[in-house]
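Order of listing sets the numbers, starting from 1, for every ligand and every atom in it. Counting begins at 1 with the first residue of the sequence. Atoms considered below: every heavy atom in the structure, side chains included; atoms not considered: hydrogens, waters and symmetry mates.
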Amino acid sequence: MTTFADLGLSQKVLSAVTDAGYTIPTPIQAGAIPPALQRRDICGIAQTGTGKTASFVLPMLTLLEKGRARARMPRTLILEPTRELAAQVAENFEKYGKNHKLNIALLIGGVSFEEQDRKLERGADVLICTPGRLLDHCERGKLLMTGVEIFVIDEADRMLDMGFIPDIERIAKMIPFTRQTLFFSATMPPEIQKLADRFLQNPERVEVAPPSSTAKTVTQRLVAANKKDYEKRAALRDLIRAEEGELKNAIIFCNRKKDVADLFRSLERHGFSVGALHGDMDQRSRTNMLAGFKDNQITLLVASDVAARGLDIPDVSHVFNFDVPIHAEDYVHRIGRTGRAGRSGKAFTLVTKADTKYLDAIEKLIGQSIEWMSGDLSALPASEESQDEPRSRGRDKDRDRRKGGRKAEPRRAEAAPVIEEIEVQTEVREPRRSENRPAPQPRNERPRSRDNDRPRPANDDQQRRRNHYRDHDDGPTPVGFGDDIPAFMLIVANAKA
Ligand code: AMP
């Protein structure tokens with residue numbers, strides 16, 4: 001069996017790995033580390049959770065032992081799609097690089113430029129960035145990319161989903177052709193393969209089987225739900241309460257960030273200990289929120305896939321899918337948050353009639369059908385489907401009180417220190433409008449496809465103007481004002497004919 005000592009890593013790195021408690025390299029590490037140390041390009045196909053981060057951090061640390069950084073000329077560059085992933089990679093450098101004296105600079109949005117400039121001035125051995133913030137620094141003339149020897153593109157398929165490819169192409173043009181490129185992606189659709197072909201020279205391809213199976217230790221159940229959000233929220237609360245005895249902590253996944261914010265507020269109103277993680281939150285709130293969840297100050301974490309993807313969150317007892325994920329592989333990722341290392345976990349998925357095709361794709365991917373908890377979709381009372389959304393929050397609350405819900409809430413937050421910091425922009429504004437004028441359609445109820453999530457192809461200038469897409473899991477591109485129509489435009493003038 002291959003050990004870390006067989007891979008060619010330096011003594012300093014090996015001793016940090018031993019201190020981290022790792023004895024056996026994971027398959028991606030065993031496959032990628034030796035060729036990376038030989039300065040070969042790597043095309044790694046692996047998901048997070050496979051030990052992928054160490055597969056590039058460890059050889060980079062070894063290679064960086066020779067040479068020194070110069071002011072404003074980073075020696076290596078790592079691109080990550082989200083701030084959290086970038087921060088996580090920086091943590092990995094600290095952990096495995098504890099025997100090295102390397103200057104690591106994390107360039108992510110939501111942190112002041114000045115602080116980052118100071119790090120760059122000192123000379124960065126490793127630069128870990130989200131693409132937008134890196135380009136902003138380059139435009140400020142604070143960075144010279146001509147000294148980059150190793151270029152890492154991580155989570156390439158996620159970068160594609162988030163519309164970052166034009167940015168990455170711009171960045172790649174600034175880096176010397178002679179660099180070593182380490183390219184990682186969880187999946188390899190043709191667009192990503194083309195990208196890899198452009199960026200890599202004679203790469204070593206290392207592939208780790210994607211997790212298409214779910215752990216046997218996870219009990220999976222489907223729960224038939226009506227499509228109205230308020231009914232889904234009530235169904236979720238019932239589920240959480242029913243699990244009270246076993247529920248230690250849980251992640252609740254929504255497909256859209258607006259729903260993350262709405263559900264968070266609803267659960268908070270109902271007295272649950274809850275936090276949220278979505279792309280519109282500022283960096284400090286995101287970091288605090290994650291820390292609060294890891295420290296068990298918060299029991300429930302409502303999250304979107306993009307915000308939660310790749311995060312190294314410790315084992316949770318429960319996963320709730322408030323929405324059936326649109327991409328089947330996201331189901332495997334989501335429920336993989338529980339039942340780790342042989343422990344038992346539970347995963348519940350709320351399913352509406354509209355979700356049938358997504359559910360079929362999931363069951364096909366995991367090669368098994370998932371058990372319904374108490375009756376499948378045919379058991380749903382048809383009449384409830386046509387009920388209208390209650391007009392005020394009060395009714396939702398009142399209904400719950402009548403059921404004794406508030407008193408019965410498990411794990412009520414006695415103090416929620418981080419919650420006040422969240423910036424949630426979900427207040428549904430009710431602009432004045434005439435009766436015969438159609439109401440603006442909420443952004444998130446417009447038909448949505450994977451393509452809608454991406455900024456449309458654009459030239460560089462347009463791309464630069466679209467900064468708001470960076471580091472965000474924005475919903476579909478709005479048409480016109482989207483749902484942000486200024487109220488004054490909706491007032492119909494009372495003109496007499
Ligand atoms: P990653 O895929 O990089 O997000 O890593 C997932 C988790 O696996 C992290 O918590 C790592 O600390 C851990 N890990 C990485 N390499 C190993 C290893 N060789 N043995 C055990 N755990 C590891």
Side-chain angles (χ1 to χ4, degrees), residues 1-10 12-34 36-37 42-62 78-99 104 106 126 128 152-159 182-187 206-212 215 249 251 277 290-291 293-295 303 305-316 329-330 332-343 345:
M1 190 183 286
T2 314
T3 65
F4 277 105
D6 301 327
L7 302 180
L9 294 163
S10 72
K12 282 182 186 174
V13 172
L14 285 176
S15 106
V17 167
T18 307
D19 291 350
Y22 307 149
T23 44
I24 308 296
T26 64
I28 186 79
Q29 292 164 359
I33 292 174
L37 287 170
I42 303 286
C43 181
I45 304 156
Q47 318 260 358
T48 42
T50 55
K52 169 176 66 92
T53 317
S55 79
F56 59 83
V57 172
L58 302 182
M60 283 175 78
L61 284 167
T62 300
I78 300 167
L79 292 182
E80 293 289 337
T82 66
R83 300 166 183 183
E84 281 79 10
L85 281 170
Q88 214 163 275
V89 172
E91 278 169 24
N92 270 258
F93 267 99
E94 269 160 38
K95 179 159 103 182
Y96 303 127
K98 63 179 199 167
N99 303 319
I104 316 289
L106 181 63
V126 183
I128 307 163
V152 181
I153 302 167
D154 194 18
E155 302 263 329
D157 52 353
R158 216 59 185 172
M159 300 270 203
L182 312 177
F183 183 97
F184 292 90
S185 188
T187 54
V206 186
E207 186 162 357
V208 172
S212 60
N249 56 357
I251 305 182
L277 207 63
L290 252 187
F293 188 66
K294 283 182 180 173
D295 296 350
D305 289 292
V306 171
R309 180 110 176 186
L311 292 184
D312 194 14
I313 298 175
D315 190 42
V316 294
E329 65 271 24
D330 282 339
V332 182
H333 282 295
R334 289 180 181 187
I335 80 159
R337 302 290 178 173
T338 187
R340 286 185 174 188
R343 272 173 284 193

Atom indices of ligand 1, in the order listed, that fall short of 4.0 Å to a heavy atom of [X]:
{"X": "K52", "value": "1 (P), 2 (O), 3 (O)"}
{"X": "T53", "value": "1 (P), 3 (O), 4 (O)"}
{"X": "I24", "value": "18 (C), 19 (N), 20 (N)"}
{"X": "K95", "value": "12 (O)"}
{"X": "F4", "value": "19 (N)"}

Going from CE on M159 to OG1 on T82, what distance comes out if it is rounded to the nearest 0.5 angstrom? 9.0 Å
Test of understanding: given a 4.0 Å heavy-atom threshold, classify the contact between E91 and ligand 1 as side chain, backbone, both, or neither. neither
Which heavy atom in [X] sits nearest to a heavy atom in [Y], and how many Å separate them?
{"X": "I78", "Y": "V126", "value": "CD1-CG1, 3.9 Å"}
{"X": "T2", "Y": "P25", "value": "O-CD, 3.3 Å"}
{"X": "I128", "Y": "F93", "value": "CD1-CD1, 3.9 Å"}

Are side-chain heavy atoms of L58 and T62 found at a separation under 4.5 Å? no
Check whether any heavy atom of Q88 sits under 4.0 Å from an atom of ligand 1. no
Counting both backbone and side chain atoms, is some N or O of G51 under 3.5 Å from an N or O of ligand 1? yes
When only distance counts, is A54 in polar contact with ligand 1, meaning an N/O pair under 3.5 Å? no
Any chance the side chains of T187 and D157 put a donor and an acceptor closer than 3.5 Å? yes
Under the 3.5 angstrom rule, does the side chain of E80 hit a backbone N or O of V89 as a donor-acceptor pair? no
